[in-house]
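A, B, ... follow the sequence lines: proteins, then strands. Residue 1 opens every chain.
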Number of protein chains: 2
Amino acid sequence: MVRSAIDGRIVNAGAKLYRKYNNKHLEHLSGLIVGEDGVCLLVRTSQSQVHVAQVARTQMFLNGRVLDSSRRGVEEPGYIGQDLTVDIKQGQSLKVEKLAALYTSRDQAISEAGLAARKASRRAGRYDAVKAEHVSVWADLWRRFDVRIRPDGPASGCAISMLLRLNMFHLLQTVSVHSIGLDVGIPARGWTGEAYQGHIFWDELFIFPFFNYRLPEITRAILTYRYRRLGEARAAARAAGHKGAMFPWQSGSDGQEETDKLNLNPHSQRWVPDNSYLQRHVGSAIAYNVWQYFQVTHDVEFMQFCGAELMLEIALFWSSMATLNSERGRYEIRGVMGPDEFHDGYPGSATPGVNNNAYTNVMAVWVLCRALEGLDRIPKVRRTELTTRLGISLAEIARWEDISRRMYVPFQADGIISQFEGYDALCELDWAAYRRRYTDIQRLDLILEAEGDSANRYKLSKQADVVMLFYLFSADELGELFARMGYPINHDTIPNNINYYVARTSYGSTLSRVVYSWVLARSDRPRSMAFFADALQGDVTDSQHGTTAEGVHLGAMAGTVDQVLRVSTGIEVKNDVLLFNPELPPEMERLEARIRYRGHSLDLRLTHDSLTVSGEDLDAAPIALSVAGKIHDYVSGTTRVFELNGGGVKTALSK
Amino acid sequence: MVRSAIDGRIVNAGAKLYRKYNNKHLEHLSGLIVGEDGVCLLVRTSQSQVHVAQVARTQMFLNGRVLDSSRRGVEEPGYIGQDLTVDIKQGQSLKVEKLAALYTSRDQAISEAGLAARKASRRAGRYDAVKAEHVSVWADLWRRFDVRIRPDGPASGCAISMLLRLNMFHLLQTVSVHSIGLDVGIPARGWTGEAYQGHIFWDELFIFPFFNYRLPEITRAILTYRYRRLGEARAAARAAGHKGAMFPWQSGSDGQEETDKLNLNPHSQRWVPDNSYLQRHVGSAIAYNVWQYFQVTHDVEFMQFCGAELMLEIALFWSSMATLNSERGRYEIRGVMGPDEFHDGYPGSATPGVNNNAYTNVMAVWVLCRALEGLDRIPKVRRTELTTRLGISLAEIARWEDISRRMYVPFQADGIISQFEGYDALCELDWAAYRRRYTDIQRLDLILEAEGDSANRYKLSKQADVVMLFYLFSADELGELFARMGYPINHDTIPNNINYYVARTSYGSTLSRVVYSWVLARSDRPRSMAFFADALQGDVTDSQHGTTAEGVHLGAMAGTVDQVLRVSTGIEVKNDVLLFNPELPPEMERLEARIRYRGHSLDLRLTHDSLTVSGEDLDAAPIALSVAGKIHDYVSGTTRVFELNGGGVKTALSK
């Protein structure tokens, strides 16, 4: 006997932290037998009232022929199945095929979820046919996304390529062409676990480039997800007494702030206030992605229609957050949290938040600059619409200009950018002592709280904060930003800053290894590779001790793939030029990948001697490429070989 | 006492034909009082299980101050309200404000419809504020869509502009930026009535250009609606033994064929088979729109991702429908219906459908040509994906080429394109006799059936069929198509064809007047204007005797606006050139409108002497314009004055 069933009594018990809460989120609606060989279960999510229908057909085959088996229905609330009884003789091989179709009431182009699932199930062929289509679609995805490196060095026993592909696989099954139009964001753990309750954070900042350079239809959908929640972000800003749009640190279906008010410290068993909703910088990450999408696609229609509105509303929010400190003659942003979650306030202070977090302030300036640029670039008719509707006066625009030139950024005496104002007055932690005392100090905040101390007292970070700036911007671009604000900054200060913060980070977030690996990639290769290897294996080795079981770390996964491609090739888009600044790491001989850029699909092949760019998109307008500082026109249908190390350029027709 | 309530007991009784069917489509879920001044009603559609939540708040104001009134809840199944009692004195003025918010479970960026409606209602301001926003949004729409003509000639007492704006208003409230992402198509009657049960036909062919030249984000959404139903169209083709995608003549939420099997003839009270599902040409209309969208936007990402797949699948369907008649040495398409719904078969034949409908065959050839062109234009990586997944072999591509050169088109001896094969053998109708006998002969099919006769016996049409070709294609483009098929056709045959069919049309469809007015616009202005006036006033005068009450005729409405803009300016896009072939009608002095084209927003001003084109989109790449046959480069930021009648060109910076 074989039982084939659908079990809708499943509970959400995958994440330790939430196990004590109500974890039954599906209500039973109906179960029924469908046709000769199928069962259908219809359930509904208890709060959001989403209907979910699943139909499963089970067939048995003996020597390739369908076997008539006696079937007995099994039904319980939330459970429907069939017991199939067959007589087989020793030596005979029985094949059981079970194919399931799933629809929800949020799916498009359906009448009702149950009907849609039944229809899909009826139309599905045999397992082999379904599998063949699946294999073909994945082959298409690999053709677009794969990054091939030679030789394929080992990272803890596994080939790097295999780990990169594991990461790409998780990315592609979380966000794919099937997500487009479905109004889904990118949860921090994908769909692989229940940690963070599926909430959306800022992880898309790290995930975006992976998709943006390969299938921008997907990044457009990611941005549209945010655009649809602009109204909620506006309401949040109003409620906080601000203008523009204040995007939430954690959000779910309707875009409201979903950050818990309290978190349980498992060490102390105390409930500790969670002030991470003060990470207002999440809006800048969205604006950054809008701009990257526009740079890579030059999708002017999207920019006019959604992108500009997002940029302007986020700019308006920063303008509204910034206050002029007349003594200093500079603007300040007070009472926020930076990316580093170990600092949610000043030691002993009753009110949460720090002032003038460098990352927040510099990103705000960058947003204001891009918003000003965007206003110039969108057509007059749209500019009139947006400025009228959003209430952006000429005085407001002048204020953006002013803030962008007079934002305050805290520095320490030695040219180190201070993580926030007052950071330099904090104590140094005795790292060695803590490493001796605890096997794992990634979550120093919890350790210190359990000791009756507070991370707020020390110069220590959970993850990259100031260093995020070096991750998101090239040295040139950062130099321009600081120059605009009237802060001279020279290139030497960058390694000093990186080293300063590397020494003071506990790596409690998987994202930090990606960032540190990235920023050290060209200046300190061995150290960078150590971070990279850690990031690459984060989920395979469960480097955070148990968190992988609650879901993979998608941002870190994306960051590793993105780094192999973009750090080696030095890809960046600026002023309508696709820049390559290639430097293949010494341990690699060759890197091959394919990217999309402004209608072109470009095959890239990088060796130590040359970069080959090849495309065949006759409908794409010529583009400007810059290789190692020299600008070239690129016309599709040609293969260009750029000799590195001062060589020339060869051009041939693409095969 | 004032009663303010929400009534969910509403039935669908707006269309005569369906009144005898079950017309109760809403099931009551719950009604409740919300806060101090609101009521909330939650219902569910009975078949598709869509939840609909409405919240209404009612406030009373005496001299601008909120009035505390005693409220008594009134609740019945499907009905929730409040009775508000107030004391007022003579001479006092009481203001009652009722604001409602509506959400459905299909809305995006919400958690649950009821919660979303409550939140929106809570956040809404006073009536004046809501109205001000509404006015501002409509002002934006008019700025993009309005067509201004001077002088504004009267059409049956109303200024033409007022009627055009009435039409634009209906278009803009049916399809707007709010539709984007909502997965809604364009029903033949918009949302104004229940005729055709909200089904989607081919009307978007007539409606598309109105939106496409003004807000292509909307036409992209219209195409995406079809793209999501490609799977269903594929399944329909398979079920009919064909390859590719066979789009349904009438469809609803899930894209299945929804054409009724029978129709009631009110004259004879007989149920007559409805064979209009044989109008396979609907797929060509979709392909035509895909191509127009691509021409106007040059949105290569959409074309690669969705557009090409639609084009290829529709081409594959036509290839599969076409059979080689080896005697004739030509391909045929048999057993279909053309746009003219009076001919669903041959006289006395037991099987429905006609062979070689000229419109169907020529459109099939056009689709095959564009699919071949599309295959050349999409990048290799996507071409590989699509041809593999859709099973398009080299032999198949060669077959497209062959069919496109050897398709059969029936001609009559005098160069008249035959509506279908065998049309010339049909009887001529005694039109005069029928006009004497019946006050309204628009629906001659029903009249003849009631007389025991059949429209299939006669040379008569409900609407434009062959003439559709002259509506959709310029004489040049049509000439190229026929030349490709080896049919010499000269420009003189066009007026002959038009006259031939004009004389044999009963105008039982509002679309026919738009088409005839369009094709006669330059050759027979008075006749064209008569058709135009009829089309323009179709719904104001209810020219079809009662059909307007069941919903406005959106295709005809769009056609009139489109005609004023595009016939006067002669706008067309071909080979990446925006063509103007202006000929302002003698009765007009000036026409002004704004169009979007490839990232440009262009202000157009046409007089008898000149065409002025002006834009200010600094991010848009230069485009090629052709005015009266001469090609010019156009760079944004400039105003170009093209003197007509052989004059020169002036260029200035845009203001």
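Both the backbone and the side chain of B:E385 come within less than 4.5 Å of a heavy atom in chain A. When heavy atoms are compared at a cutoff of 4.5 Å, B:I180 approaches chain A solely by way of its side chain, counted from C-beta outward. Only the side chain of B:F294 comes within contact range of chain A, with at least one heavy atom under 4.5 Å from a heavy atom of that chain. Using a 4.5 Å cut-off between heavy atoms, B:H298 touches chain A through its side chain atoms alone. At a 4.5 Å heavy-atom cutoff, the contact between A:H51 and chain B is made by side-chain atoms alone. Interface residue B:R228: backbone and side-chain heavy atoms are both found under 4.5 Å from chain A.
A donor-acceptor contact under 3.5 angstrom links the side chains of B:S111 and A:Q47, judged on distance only.
Counting heavy atoms from C-beta outward, B:R596 and A:Q304 have side chains that approach closer than 4.5 Å. At least one side-chain heavy atom of A:R389 sits less than 4.5 Å from a side-chain heavy atom of B:V137. Side-chain contact between A:R238 and B:R123 is absent, with no heavy atoms from C-beta onward closer than 4.5 Å.
Each of B:Q49, B:R594, B:E133, B:K119 has some count of heavy-atom pairs under 4.5 Å with chain A, and the biggest count is that of B:K119.
Without hydrogens or angle criteria, B:Q108 side chain to A:G181 main chain gives a donor-acceptor distance under 3.5 Å. Using a distance-only test at 3.5 Å, with no hydrogens or angles considered, no donor-acceptor pair links the side chain of B:D254 to the main chain of A:A109.
Between B:R377 and A:D617 no salt bridge is recorded (no basic side-chain N to carboxylate O distance below 4.0 Å). Under 4.0 Å is where a charged nitrogen must lie from a carboxylate oxygen, and between B:R598 and A:E301 no such pair does.
We find the CG-CD distance between B:L115 and A:Q256 to be 8.5 Å, quoted to the nearest 0.5 Å. If you take OG on B:S601 and CZ on A:R383, they are separated by 11.0 Å, rounding to the nearest 0.5 Å. Atoms CD and SG, on A:E217 and B:C306 in that order, are 7.5 Å from each other to the nearest 0.5 Å.
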Review point. Are A:R382 and B:R143 close enough, and set up right, to give a side-chain contact (heavy atoms from CB on, under 4.5 Å), and what steps lead you there?
Key: CA-CA 10 Å; A:R382 185 66 178 147; B:R143 207 177 299 120; over 6 Å; no
